[in-house]
Novice: 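Dropping a structure here in structure tokens format, bear with me for questions.
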Amino acid sequence: MQEEKKQEEKQKALDSRYLRMARIWSENSYCQRRKVGALVVKNKMIISDGYNGTPSGFENVCEDENNLTKPYVLHAEANAITKLARSHNNSEGATLYVTASPCIECAKLIIQAGIKRVVYGETYRLDDGIRLLQRAGIEVVFMNAND
């Protein structure tokens with residue numbers, strides 16, 4: 001029992017550190033309305049990272065003249081997962097750390113990527129992504145940004 005509690009505390013400390021790192025990574029985003037960062041961690045190694053922004057080769061402007069997000073802007077989770085597709089790593093059984101809760105489109109990618117755990121720091125206005133992840137049996141953990 002004592003050992004189990006120690007493991008939980010150790011995991012919570014790791015989760016907190018990786019989530020802080022995802023917040024720092026979000027600072028790379030050129031988006032003005034919201035900056036989001038994501039890290040994919042497997043076996044205590046960061047195997048991928050991402051932040052929200054435009055596809056490679058596009059201008060680094062995320063919002064249109066009405067300050068609305070352009071439809072082709074990629075979310076941080078999508079960037080991290082697609083980056084994995086170009087590497088020799090895979091995300092089977094990994095944990096995704098993301099500064100904002102995933103939308104439903106990113107939740108689908110997370111499920112298909114074999115990610116088994118998602119830790120997020122802010123709740124998005126829609127919770128359909130979180131509900132889909134839970135339905136798929138993925139462990140979802142909210143960590144308050146102020147913790």
Novice: For P102 and L133, which heavy atoms make the closest approach, and how far apart are they?
Specialist: CG-CD1, 4.1 Å

Novice: Looking at R23, is its backbone amide N or carbonyl O close enough to the side chain of T99 to form a donor-acceptor pair, meaning the two atoms are under 3.5 Å apart?
Specialist: no

Novice: Do you know which two heavy atoms are closest between A94 and V40, and how far apart they sit?
Specialist: CB-CG1, 3.7 Å

Novice: Testing the basics here: between L19 and V119, what is the closest heavy-atom pair and its distance to 0.1 Å?
Specialist: CD1-O, 4.0 Å

Novice: If you group Ile, Leu, Val, Met, Phe, Trp and Tyr by side-chain heavy-atom gaps below 4.5 Å, do I111 and L84 land in one group?
Specialist: yes

Novice: Taking all heavy atoms of S91 and all of A113, pick out the closest pair and write down the distance.
Specialist: OG-O, 2.7 Å

Novice: Keeping the roles fixed (side chain from S48, backbone from I81), state whether a donor-acceptor pair exists under 3.5 Å.
Specialist: no

Novice: Taking atom CZ of R131 and atom CZ of R135, what is their separation to the nearest 0.5 Å?
Specialist: 10.5 Å

Novice: Is the shortest distance from a Lys or Arg side-chain nitrogen in E8 or K5 to a carboxylate oxygen in the other one below 4.0 Å?
Specialist: no

Novice: Grab the two heavy atoms, one from N79 and one from Y51, that are nearest each other, plus how far apart they are.
Specialist: ND2-O, 2.7 Å

Novice: When you compare the side chains of D15 and Y97, does any donor N or O come within less than 3.5 Å of an acceptor on the partner?
Specialist: yes

Novice: If you group Ile, Leu, Val, Met, Phe, Trp and Tyr by side-chain heavy-atom gaps below 4.5 Å, do Y120 and W25 land in one group?
Specialist: no

Novice: Report yes or no: do I24 and V98 belong to one cluster of Ile/Leu/Val/Met/Phe/Trp/Tyr joined by side chain heavy-atom distances under 4.5 Å?
Specialist: no

Novice: Quick check: is V73 connected to V61 through a chain of hydrophobic side chains (ILVMFWY, heavy atoms under 4.5 Å apart)?
Specialist: no

Novice: When clusters are formed by joining ILVMFWY residues with side-chain heavy atoms under 4.5 Å apart, either directly or through shared neighbours, do I104 and V118 land in the same one?
Specialist: yes

Novice: Is the shortest heavy-atom distance from the side chain of T54 to the side chain of Y72 under 4.5 Å?
Specialist: yes

Novice: Within a strict 4.5 Å, meaning less than it, do heavy atoms of the E122 and V36 side chains meet?
Specialist: no

Novice: Exactly one of T95, N90, N89 should register a side-chain hydrogen bond (donor to acceptor under 3.5 Å, both in side chains) with K42. Which one does?
Specialist: N90

Novice: Do R33 and C62 come within less than 4.5 Å of each other through their side chains, counting heavy atoms only?
Specialist: no

Novice: With the side chain counted from C-beta on, respond yes when L126 and C103 share a heavy-atom pair under 4.5 Å apart, and no when they do not.
Specialist: no

Novice: Any idea which heavy atoms bring A80 and G50 closest together, and the distance?
Specialist: CB-N, 3.9 Å

Novice: Using modelled atom types only, decide if a donor and an acceptor are shared between the side chain of N52 and the backbone of S29 within a distance under 3.5 Å.
Specialist: no

Novice: With sequence neighbours excluded, give me every salt bridge (Lys or Arg N to Asp or Glu O under 4.0 Å) pair touching residues 78-101.
Specialist: D49-K83

Novice: Answer yes or no: is there a side-chain heavy-atom contact under 4.5 Å between Q7 and E4?
Specialist: no

Novice: For C31, does its backbone N or O pair with a side-chain atom of K35 as donor and acceptor, under 3.5 Å?
Specialist: yes

Novice: Do L109 and E77 make a side-chain contact, defined as non-hydrogen atoms from C-beta onward lying under 4.5 Å apart?
Specialist: no

Novice: With rounding to the nearest 0.5 angstrom, report the CG to CZ distance, L39 to R20.
Specialist: 12.5 Å

Novice: Ignoring hydrogens and geometry, is there a side-chain-to-backbone donor-acceptor pair from N66 to L68 under 3.5 Å?
Specialist: no

Novice: Determine yes or no for a side-chain-to-main-chain donor-acceptor pair under 3.5 angstrom, with E139 supplying the side chain and G137 the backbone.
Specialist: no

Novice: With a sphere of 6.0 Å drawn around CD of E63, does it hold more than 12 non-hydrogen atoms of other residues, nucleotides or ligands?
Specialist: yes

